[in-house]
Amino acid sequence: MKIEYPHTLGLDDARVRLTALGDLLKARFGVGFAWDGDQARVTGKYLVVTIEGTLTLRPGLVVFEAKDPGLLWRGKAKNYITGKLEKYLDPAISMEQIPRA
């Protein structure tokens, strides 16, 4: 599964926001999120779905690539991740408005 999401933020601001998203995923679902350079490793399990993937930060683009969760979960997973990227990378939303847990 691959999701490409464009953004208009600087890399430092985008990384801070994506780290906040990682904090939320850890708190809510126990999903690990660890940066190595401009790429974060995303690992965990939610219900019956194993999550193994990477989130790559580039100028103007975030790329999430992960093991396909299967037909029953694919649409929900894509919608959830895209919705979170949309919210967390929206420059009109301040960091104070972004949940971490």
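As the structure is a computational prediction, the values presented were derived from the model and not from experiment.
A side-chain contact (heavy atoms from CB on, under 4.5 Å) with Ile81 holds for exactly one of Ile3, Leu21, Leu55; it is Ile3.
Within the 4.5 Å cutoff, side-chain heavy atoms of Phe64 are placed close to those of Val42. Between Val62 and Leu85, the closest side-chain pair of non-hydrogen atoms falls below 4.5 Å.
No salt bridge links Asp90 with Arg17; every basic N to acidic carboxylate O contact stays at or beyond 4.0 Å. For the pair Asp68 and Arg74, the salt-bridge criterion is met [side-chain N within less than 4.0 Å of a carboxylate O]. Salt-bridge check for Lys84 with Glu86: failed, with every basic side-chain N at 4.0 Å or more from each acidic carboxylate O.
Heavy-atom minimum distance, Thr19 versus Phe33: CA-CE2, 4.1 Å. For Arg41 against Gly53, the heavy-atom pair with the smallest separation is NH1-O, 3.3 Å. Shown here for Gly37 and Arg15, the closest heavy-atom pair between the two residues is O-NH1, 2.7 Å. Across all their heavy atoms, Gln97 and Ala92 have their closest contact at OE1-O, 4.1 Å.
Tyr88 places no side-chain N or O within donor-acceptor distance of the main-chain N or O of Gly83, the cut-off being under 3.5 Å. Within the 3.5 Å criterion, the main-chain N or O of Leu9 finds no donor-acceptor partner in the side chain of Asp13.
Within a 6.0 Å radius of CZ in Arg58, no more than 12 heavy atoms belonging to other residues, nucleotides or ligands are found.
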Could you give me the CA-CA distance, side-chain angles and deciding distance for Ile98 and Lys87, then say whether side-chain contact (heavy atoms from CB on, under 4.5 Å) is met?
CA-CA 8 Å; Ile98 291 179; Lys87 180 177 183 174; 5.6 Å; no
Report the C-alpha distance between Glu4 and Leu61 in whole Å, list the side-chain angles of each, state the deciding distance to 0.1 Å, and finish with yes or no for side-chain contact (heavy atoms from CB on, under 4.5 Å).
CA-CA 7 Å; Glu4 294 183 345; Leu61 187 68; 4.0 Å; yes
Show your reasoning for whether side-chain contact (heavy atoms from CB on, under 4.5 Å) applies to Phe29 and Lys45.
CA-CA 8 Å; Phe29 308 115; Lys45 188 169 184 173; over 6 Å; no
When you look at Gln39 and Thr54, which way does the side-chain contact (heavy atoms from CB on, under 4.5 Å) test go after all the steps?
CA-CA 7 Å; Gln39 190 172 74; Thr54 58; 3.8 Å; yes
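Under the 4.5 Å side-chain heavy-atom criterion for grouping Ile, Leu, Val, Met, Phe, Trp and Tyr, Trp35 is not connected to Val63 through any hydrophobic cluster.
Atom-to-atom distance recorded for Leu11:CG and Leu57:CG is 5.0 Å, nearest 0.5 angstrom. Expressed to the nearest 0.5 Å, how far CD of Glu52 lies from NZ of Lys67 amounts to 5.0 Å.
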